[in-house]
Amino acid sequence: MRMSRYFLPILRETPKEAEIVSHRLMLRAGMIRQEASGIYAWLPLGLRVLEKINKIIREEQNRAGAIELLMPTIQSADLWRESGRYEDYGKEMLRIRDRHERDMLFGPTNEEMITEIFRANVKSYRDLPLNLYHIQWKFRDEVRPRFGVMRSREFLMKDAYSFDLDARGAQESYHRMFVAYLRTFARLGLTAIPMKADTGPIGGENSHEFIILASTGESEVYCHKDFLQFSSPPDTVNFDDAAEMAAIVEKWTSRYAATSEKHDQAAFAALPKDEQVSARGIEVGHIFTFGTKYSVPMKANVSGPDGKEVPVHMGSYGIGPSRLVAALIEAGHDDNGIIWPDAVAPFNVGIANLKIGDAATDAACTRLYAAMQKAGIDTLYDDRDERPGVKFATMDMIGVPHQVIVGPKGLAEGKIELKDRRSGARENLSVDEVIARLTA
RNA sequence: CGGAGUGUAGCGCAGUCUGGUAGCGCACCUUGUUCGGAACGAGGGGGUCGUAGGUUCGAAUCCUAUCACUCCGACCA
C-alpha cells in the first residue's frame, strides 16, 4: 500500500479519555474511532490486525475439527424464553422491539441459537461429535465500558459450541479446544496461560480462562514460572488422538495458575520462591463445558446407540479477537509505539523513502515495493512528501516489524538500511540483499 | 447503579467567575527556505461554543431542562 493513497488518520496528540497504553496507541495510530460509549469503528489499519487475528483463529479452529457458520447479531426473545435466560440476563442485554412489536435482542452470546440449530438438524449420535463456531459481533450493555476495545460494549467474539453424546465425549471436545487455544495464542505471538476458572452459575467440570501476562493487565494472577517455558503443541499434533490431547492438557494444568478470584495463597506460597510468578494478566479466552444446561430445557436430544433419546452434552469456547488486538498492544509496545508480532502486523514491511523525487531513492523504493508485492508481503510504502523524522516516527508508532529505510546518503554507497522494530537493530545492505532477506 | 467531572474547529486546550458576538498549539490548504528521528517563516480555510427553552438591548458566559462523554467504586470475552 502506498501511504499517500492510504487512509491512516494518525493523531499526534493523545485524546484525553484514553487511559491505558493500548487505547492510546490504537487511537493515535488511527486503528479505531469511538462512535459511542464502548462502540468503535474499525479503521483500515485496525481492521487489518483484526482480520489477521481472525485468520489464525479460523485456521486453528478448523484444524481442531470445528466447523464455521455464521449466526445473526439480532435474535428473537422467544428463543431466550425457552432457556429461561431472557429474564435472567438483566440489563446487560440490549433489548429491541421490531415494527411488529416483537421482542428482539442484540445477541450477547449464542448458546440458545446454536442449540436451536442443532436440535433442528441433528437427531443421531452418529453425527457426533460436532463442534460449530462463528466469529460475530456481540453486544453486552456494560455498565461502564472502558479501556477502548479492551472492555467495549460491542465486541467481536469467536465462539465455538461442542455437542457430544455424553460427558466423556464432552471432555474430549474440551481437550481439543484447549489444545487449539494453546496453538492459537502461540501463533499470535502470545504466551497464554490456562487458569482454572469458576464456572459460575453455568456449572460444569471443565473451565479455564486463558490469560496473557501484561504489566497493564486488569487482574492479578499467580502462576508457576514453568508456564513461561512450556512449548506449545506443534502443527503435527493429532486432534483425533484423545490420549495425545489429554496428555497436553494434563501438562498445561499440572502447575499452579490462578487469577485473584480463585487464588489460593497457601498453595501458591508452598511453591519455591523463585518459581512463583505474580503478575497482571488479561483474559483473552474462556472455555467451559456446561453439560445439558441448554439441551434439556430446549429439548436438544439425539438417539443413542441403544435407540434411547438423550440430551446432548455441550461446551462453549470463546476468544475475543477485538480484545486481543488491545491485549497484543499491551503485551508489545515501547515509548515509540506498537510492536506487533509478525503474524498480526497490519503491514509486515515498511519502506521509508527519505527523499521523494530523488531519482535514485524513488527507483530503489519502487523496485523494493514491487518485489514485496510480488512475494505477497503486506507492505506499506511511505511515499509521502514528508521529512525523514516524520516517517521514522510513523513506522515505529504503527509498529511495522521490518522497516527499510532508503535515503540518498546510503544509496550513494549502494546501501539501504534494514531496521528491526522490536530490537531496533539496523543493518546496511544492498537493495538485493534486503529483498532476499525479506522474501526468504 | 452510587459518587465526581467535562462538553468551545479533526486532536489538545484558553475564554465562563465579572454578558458586548470566539482564540491558542497541533493537524489541514498556499508559498518559500529546509530535509537521517515528529523543521522554520509568511499567508489562509474551518466552529450556529452539546441540544432546547428562558433572562437580557445583547449569552460560549447567567437561569432551567435535557443529551452525550469521561473518571472513581460494585459487575464482565
Side-chain angles (χ1 to χ4, degrees), chain A residues 8-20 23-24 27-28 30 33-39 43 53 57 89-93 107-110 135-160 181 192 197-198 200-201 207-212 218-219 259 261 282-288 316-327 335-337 352-358 361 382 384-397 403 405-412 415-417 419 424 426 428:
Chain A
L8 187 60
I10 285 175
L11 301 179
R12 202 143 154 185
E13 285 168 279
T14 305
K16 63 179 171 184
E17 73 271 14
E19 287 287 304
I20 63 170
H23 192 193
R24 276 204 303 273
L27 290 168
R28 289 198 51 209
R33 178 172 172 80
Q34 179 169 320
E35 295 299 340
S37 179
I39 297 176
L43 306 183
I53 291 171
I57 291 173
Y89 217 92
K91 291 191 168 182
E92 277 201 347
M93 179 186 281
T109 179
N110 286 72
I135 298 177
Q136 177 64 290
W137 293 93
K138 305 212 177 315
F139 194 92
R140 291 183 193 167
D141 200 356
E142 297 278 348
V143 196
R144 196 184 151 208
R146 58 183 128 173
F147 305 143
V149 297
M150 186 76 83
R151 166 116 15 109
S152 48
R153 293 196 291 174
E154 187 182 52
F155 57 97
L156 191 60
M157 186 154 147
K158 184 287 298 183
D159 40 334
Y181 274 40
D198 210 347
S207 180
H208 287 90
E209 289 178 356
F210 286 76
I211 305 278
I212 68 167
E218 295 181 82
S219 48
T259 60
E261 298 100 46
I282 302 168
E283 181 186 349
V284 289
H286 192 178
I287 62 177
F288 51 89
S316 103
Y317 315 89
I319 295 182
S322 49
R323 168 179 280 190
L324 265 171
V325 176
D335 289 346
N336 294 325
N353 183 339
L354 298 194
K355 196 170 173 71
I356 296 293
D358 177 276
T361 57
D382 191 345
R384 296 174 300 168
D385 187 11
E386 287 287 353
R387 295 166 59 82
V390 173
K391 301 194 178 192
F392 297 143
T394 301
M395 286 287 176
D396 282 351
M397 186 172 70
Q403 301 173 12
I405 297 159
V406 182
K409 285 182 190 170
L411 271 183
K415 300 288 187 188
I416 57 178
E417 195 172 306
K419 178 186 155 190
R426 300 150 182 275
N428 288 310

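Proteins get letters first, then strands, A, B, ... in listed order; numbering begins at 1 in each.
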- Message: With a 3.5 Å cut-off and heavy atoms only, can you find an N or O donor on one side and an acceptor on the other between the side chain of A/Arg12 and the base of B/C11?
- Response: no
- Query: Once you round it to whole Å, what is the distance between C1' of B/A27 and CD of A/Glu386?
  - Reply: 11 Å
- Query: With sugar-phosphate meaning primed atoms plus P, OP1 and OP2, does A/Ser152 contact a base, only sugar-phosphate, or nothing at under 4.0 Å between heavy atoms?
  - Reply: base
- Query: Between the side-chain atoms of A/Asp396 and the base atoms of B/G37, is any donor-acceptor pair under 3.5 Å?
  - Reply: yes
- Query: Checking side chain to side chain donor-acceptor pair (under 3.5 Å) for the pair A/Ser207/A/His286: CA distance, chi angles, key distance, verdict?
  - Reply: CA-CA 7 Å; A/Ser207 180; A/His286 192 178; 3.1 Å; yes
- Could you give the CE-to-C1' distance, from A/Met150 to B/C71, as a whole number of Å? 18 Å
- Could you say whether A/Met397 or A/Arg387 is positioned toward the 5' end of RNA chain B, judged by the nucleotide with the nearest heavy atom to each? A/Arg387
- Item | Under-3.5 Å donor-acceptor pair between A/Arg146 side chain and B/U70 base | no
- Item | Pairwise P distance, B/G47 and B/U8 [rounded to whole Å] | 15 Å
- Message: Quick one, A/Phe210 with A/His208, criterion ring-ring contact (aromatic ring centres under 6.0 Å, His included). Give me CA distance, side-chain angles, the key distance, then yes/no.
- Response: CA-CA 6 Å; A/Phe210 286 76; A/His208 287 90; 7.1 Å; no
- Query: Nearest-Å distance, CE (A/Met395) to P (B/G36)?
  - Reply: 17 Å
- With sugar-phosphate meaning primed atoms plus P, OP1 and OP2, does A/Leu324 contact a base, only sugar-phosphate, or nothing at under 4.0 Å between heavy atoms? nothing
- Please confirm whether any donor atom in the side chain of A/Lys16 sits under 3.5 Å from an acceptor in the base of B/G7, or the reverse. no
- Message: Quick check, does A/Phe392 stack with B/G36? I mean ring centres under 5.5 Å and planes off by under 30°.
- Response: no
- Task: For nucleotides B/C62 and B/U56, find the distance between their C1' atoms and express it as a whole number of Å.
- Result: 10 Å
- Message: Heavy atoms only, 4.0 Å cut-off, all strands: where does A/Glu417 land among base, sugar-phosphate and nothing?
- Response: base
- Write down the distance separating the C1' atoms in B/G37 and B/G23, rounded off to the nearest Å. 32 Å
- Task: Considering only atom C1', compute the distance from B/A60 to B/U48 and round it to an integer number of Å.
- Result: 12 Å
- Query: Looking for any heavy atom pair under 4.0 Å, which part of the strands does A/Thr109 touch: base, sugar-phosphate only, or nothing?
  - Reply: nothing
- Message: Under 4.0 Å, heavy atoms only, any strand: does A/Ala36 hit a base, just the sugar-phosphate, or nothing?
- Response: sugar-phosphate
- B/G46 to B/U70 separation - P atoms, rounded to the nearest Å: 31 Å
- Query: Whole-Å distance between B/C76 C1' and A/Phe155 CZ?
  - Reply: 9 Å
- Query: If the P atom of B/C40 is compared with that of B/A27, how far apart are they to the nearest Å?
  - Reply: 8 Å
- Message: Quick check on B/A77: is either OP1 or OP2 less than 4.0 Å from any side-chain nitrogen or oxygen of A/Ser322?
- Response: no
- Grab the CD-P distance between A/Glu13 and B/A9 for me, whole Å please. 14 Å
- Message: Is it the case that the base of B/G10 and the side chain of A/Arg28 share a donor-acceptor contact (distance under 3.5 Å, atom types as modelled)?
- Response: no
- Please determine if A/Asp396 and A/Lys419 form a salt bridge, counting it only when a charged side-chain N lies under 4.0 Å from a carboxylate O. yes
- Message: Would you measure the distance from the P atom in B/A4 across to the matching atom in B/G44 and give it in whole Å?
- Response: 47 Å
- Message: Filter on salt bridge (Lys or Arg N to Asp or Glu O under 4.0 Å), then keep only pairs touching residues 139-150 of chain A, sequence neighbours left out; what's left?
- Response: A/Asp141-A/Arg153
- Query: Of the candidate nucleotides B/A77, B/C11, B/A38, which contains the atom at the shortest distance from the side chain of A/Ala393?
  - Reply: B/A38
- Whole angstrom value for the distance that separates C1' of B/U70 from CZ of A/Arg144: 8 Å
- Query: In whole Å, what separates the C1' atom of B/U61 from that of B/G7?
  - Reply: 14 Å
- Looking only at B/A38, B/A77, B/G10, the nucleotide nearest the A/Arg323 side chain is B/A77
